[in-house]
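Only one structure is covered here, and it is reproduced in the block below.
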There are 2 protein chains.
Amino acid sequence: MQKEHNLSKNQKIIFDLIDKSGEPMKAYSILFNVQKKGIKAPLQVYRALDKLVEIGKIHKIESRNVFIACQNSSCQISKATAFSICESCENVSEISNSKLSKYLSNFSDESGMKYSKYNLEFFGMCKKCKSK
Amino acid sequence: MQKEHNLSKNQKIIFDLIDKSGEPMKAYSILFNVQKKGIKAPLQVYRALDKLVEIGKIHKIESRNVFIACQNSSCQISKATAFSICESCENVSEISNSKLSKYLSNFSDESGMKYSKYNLEFFGMCKKCKSK
DNA sequence: CTTGTAAATGTTATATTATTACATAACGTT
DNA sequence: AACGTTATGTAATAATATAACATTTACAAG
């Protein structure tokens, strides 16, 4: 059983926004959207984002500097992430594939170095964009 | 046989710097280092970086916003990259593992979406840091 | 219940990373 | 030489993220 995290006020506001939007959001777009809720400064947003990433409620798509809600209910603290990114419409979806995650979690290179975390970003064209 | 790219003046200056440094470099640190060579503005650096990334001479480590020279002589146009990043000393090395690259190149998720590119970043502790 | 500590918040300023817009020059092909 | 493409130069600014400091809240230990 994993620890249940009680989100603080700002964390909750920001998580709810990202979760409901259903798509990747940029930090300053989040800021703009929560100003009516009293969150005024970038730092307030970044602090909540950092925490939400840390506890696995959201993920950062590094190549795009955007944040999405975790789409995999079982990963509460996820340091092993994989995403599919459409280079045309910028849609992002999280990949939950146990073979893939096992393969990567067990990967060890020539140096014998073992990895506790990874982030994988796949790029291509999604179905919708391909059919246009 | 792959196309040989003739680097332009700025591209060559910047590639040589990154290549010789042997470690990840940030864009503005590159700028600082090439000012004596007449490159004055961020844009001059970013344009050269973009081109060098495009032709596979360097790679961008997305989670760190740093650039390293390609360590894999065979990958001239590399859109399928994997790196090992030490979270303690921030050392980065490129992983050239044909099993891994085959596995990922052939990966296809439930949606049937096929990926032409990917970027994988592994995080852990390098040998040096572990032994401290 | 109060005291200590960790976590979260608020606020201002600033650092870092990256792009827009526009003008000019160099390169390679025909 | 004329053309299109690629690269360069320059100024301004946009977008992303953190430092520093003061204060408040949450909550467990005594």
Exercise. Roughly how many Å is it from CZ in Arg47(B) to C1' in dA26(C), rounded to a whole number?
Worked result: 14 Å
For this session: Consider the side chain of Leu43(B), meaning its heavy atoms from C-beta on, and name the nucleotide among dT10(D), dA8(C), dG10(C) that approaches it most closely.
Result: dT10(D)
Seminar exercise, completed: Which of Val66(A), Leu17(A), Ile14(A) passes side-chain contact (heavy atoms from CB on, under 4.5 Å) with Met25(A)? Answer is Leu17(A)
Exercise. Quick one: Lys26(B) NZ to dT16(D) P, roughly how many Å, whole number?
Worked result: 18 Å
Exercise. Which part of the nucleic acid, if any, lies within reach of Lys60(B) when heavy atoms closer than 4.0 Å are counted: base, sugar-phosphate only, or nothing?
Worked result: sugar-phosphate
Exercise. dA8(C) C1' sits how many Å from Asp50(A) CG, rounded?
Worked result: 13 Å
Seminar exercise, completed: Closest of dT8(D), dT19(C), dT11(C) to the Gln44(A) side chain is dT11(C)
For this session: Ignoring backbone atoms, establish whether Ser8(B) has a side-chain N or O less than 4.0 Å from OP1 or OP2 of dT8(D).
Result: yes
Exercise. Is there a side-chain polar atom (N or O) of Asn65(B) under 4.0 Å from OP1 or OP2 of dA18(C)?
Worked result: yes
Exercise. Using the ring of each side chain (for Trp, its six-membered ring), is Tyr118(B) parallel, tilted or perpendicular to Phe122(A), with breaks at 30° and 60°?
Worked result: perpendicular
Seminar exercise, completed: Of Gln11(B) and Tyr46(A), the one whose nearest nucleotide on DNA chain D sits closer to the 5' end is Gln11(B)
Problem set entry | Rounded distance in Å - CD1 (Ile13(B)) to C1' (dA7(D)) | 13 Å
Seminar exercise, completed: Whole-Å distance, Met25(A) CE to dT16(D) C1', equals 15 Å
For this session: Decide yes or no, distance alone: a donor-acceptor N/O pair under 3.5 angstrom between the base of dA17(D) and the side-chain of Tyr28(A).
Result: yes
Exercise. Within the side chain of Ser105(B), is there an N or O that forms a donor-acceptor pair under 3.5 Å with the backbone of Lys102(B)?
Worked result: no
Exercise. Between atom CD1 in Ile30(A) and atom C1' in dA17(D), what is the gap in whole Å?
Worked result: 13 Å
Problem set entry | For atom CG of Leu52(B) and atom P of dT6(D), their distance in whole Å | 16 Å
For this session: Output the single nucleotide from dT17(C), dA17(D), dA7(D) whose closest atom is nearest the side chain of Lys51(B).
Result: dA7(D)
Problem set entry | Under 3.5 Å: donor-acceptor pair, side chain of Glu121(A), backbone of Ser63(A) | yes
For this session: Write down the distance between CG (Asn6(A)) and C1' (dA8(C)), rounded to a whole number of angstrom.
Result: 13 Å
For this session: Give a yes/no on whether any side-chain N or O of Lys40(B) is located under 4.0 angstrom from OP1 or OP2 of dG9(D).
Result: no
Seminar exercise, completed: Picking from dA17(D), dT11(C), dT9(C), the nucleotide nearest the side-chain atoms of Asn10(A) would be dT9(C)
Seminar exercise, completed: Picking from dA18(C), dA7(D), dG10(C), the nucleotide nearest the side-chain atoms of Lys9(A) would be dG10(C)
Exercise. Do other residues, nucleotides or ligands put more than 12 heavy atoms under 6.0 Å from Lys114(B) NZ?
Worked result: yes
